[in-house]
Number of protein chains: 2
Amino acid sequence: MDDIKKNNCGGKFIHGKIVHQVQSSIPKDEILYDLADFFKMLGDTTRIKILQVLLISEMCVYDLASLLNVSQSALSHQLKTLRQADLVKYRKEGKSVFYSLKDGHINSIIDLGLTHIMEKFK
Amino acid sequence: MDDIKKNNCGGKFIHGKIVHQVQSSIPKDEILYDLADFFKMLGDTTRIKILQVLLISEMCVYDLASLLNVSQSALSHQLKTLRQADLVKYRKEGKSVFYSLKDGHINSIIDLGLTHIMEKFK
DNA sequence: ATTATATATGAACAAGTGCTCACATGATAA
DNA sequence: TTATCATGTGAGCACTTGTTCATATATAAT
């Protein structure tokens, strides 16, 4: 019963037992770093919009730019970012380049995020 | 059959039908803005670590700082950020302040993100 | 070949972010 | 009260990020 020493933080940890237990069950730093990088991709309005669209249908850059009301240049830069994060793929057709999602996980993750947000909208 | 005019982007949209269909099914800008803000919270290594810990157990600031190997100040700043995002709650006990998760969604969202990351680790 | 269209990209820059440092606050101990 | 411990916070600063502007590339039309 000495794992909780109330009102005394002088030693290493206040609650050694709990801390050690937690320490052994969280993922390695390398993984958490990648995880943060992944969520970082979803943490920008423009990119979330892009993904929302591609969730429904593939689309070429020109249409995407018009639809989202962002400059073609800004969009291309963001698409490059998403490409590097391995979240989108593309195919060329004439002068156009069609982008689409590369992964199915994104769908459910964004959906979960949406339901989280929606709860606060009432 | 004129919703696809191949190799011609002169008009408003190349693929009007698809664009309009997509346009009506993506969430409002206000929601997408909040959604991005939410994912932004998960897009930082320190914050993801904090949440990973609180996923398992509540913890006081001192223990959390020691466990995650971050300065107490940096941690307090991040905890404030998480508080403002309404992701954590806290209770005071003597000199200590114990933080815990406020919401159950975060658990499943982080888990989904983790499985996404793990797939690329082989 | 020349022109127009669709996309990509480098440089520059403004805005945002996360840290440290110093100090403030609040509670307990001496 | 005074000292100590746990946490919070403002200011400053280095670093990152997302955009614009100009230009490059690549394909198709004239």
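If you're wondering where the values come from, they're calculated on a predicted model, not measured in any experiment. In what follows, chains are A, B, ... by sequence order, proteins preceding strands, each numbered from 1.
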Distances under 3.5 Å only, N/O to N/O: pair up the protein atoms with those of nucleotides 23-25 of chain D.
none

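Atoms CE (B:Met59) and P (D:dT7) sit 12 Å apart, rounded to a whole Å. Atom OH of B:Tyr90 is separated from atom C1' of D:dG8 by 11 Å (rounded to the nearest Å). The separation between B:Leu82 atom CG and D:dG8 atom C1' is 15 Å, rounded to whole Å. Spacing between atom CG of A:Asp63 and atom C1' of C:dT7 amounts to 13 Å, rounded to whole angstrom units. For A:Tyr62 and C:dA4, the OH to P distance is 16 Å, given to the nearest whole Å. Atom CZ in A:Arg91 sits roughly 16 Å away from atom C1' in D:dT27 (whole-Å rounding). D:dT7 atom C1' lies 15 Å from atom CD of B:Glu93, rounded to whole Å. Between B:Leu79 atom CG and D:dT9 atom C1' there is a gap of 13 Å when expressed in whole angstrom units.
Of all the heavy atoms in A:Leu32 and A:Pro27, the pair that sits closest is CD1-O, 3.6 Å. In terms of heavy atoms, B:Ile109 sits closest to A:Leu112 at CG1-CB, 3.6 Å. Between B:Ser57 and A:Val22 the shortest heavy-atom distance is CB-CG2, 4.1 Å.
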Protein-proximity profile, nucleotides 15-21 of chain C, B/S/- by nucleotide at the 4.0 Å heavy-atom cutoff, equals --SSSBB
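Taking only side-chain nitrogens and oxygens, B:Arg83 never comes nearer than 4.0 Å to OP1 or OP2 of D:dT7. Contact annotation: B:Lys80 side-chain N/O to D:dG10 OP1/OP2 distance is under 4.0 Å. Checking the phosphate oxygens (OP1, OP2) of D:dG8, a side-chain nitrogen or oxygen of B:Tyr99 falls inside 4.0 Å.
Taking B:Arg91 as the reference, B:Glu58, B:Glu93 meet the salt bridge (Lys or Arg N to Asp or Glu O under 4.0 Å) condition, with sequence neighbours excluded. Applying the ring pair (Phe, Tyr, Trp, His ring centres under 6.0 Å) test to A:His116 and every residue at least two apart in sequence or in another chain returns B:Phe38, B:His105.
For residues 102-113 of chain A, the salt bridge (Lys or Arg N to Asp or Glu O under 4.0 Å) pairs, not counting sequence neighbours, are A:Asp86-A:Lys102. Counting only residues at least two apart or in different chains, salt bridge (Lys or Arg N to Asp or Glu O under 4.0 Å) contacts with residues 35-47 of chain B comprise B:Asp37-B:Lys40.
A heavy-atom distance below 4.5 Å is found between the side chains of A:Thr45 and A:Lys49. Contact check for B:Met118 versus A:Ile31: side-chain heavy atoms found under the 4.5 Å cut-off.
Distance from the side chain of A:Val97 is smallest for C:dT7 among the nucleotides C:dT7, D:dG8, D:dT7.
When each of A:Lys92 and B:Ser76 is assigned the nucleotide of DNA chain D bearing its nearest heavy atom, the one mapping closer to the 5' terminus is B:Ser76.
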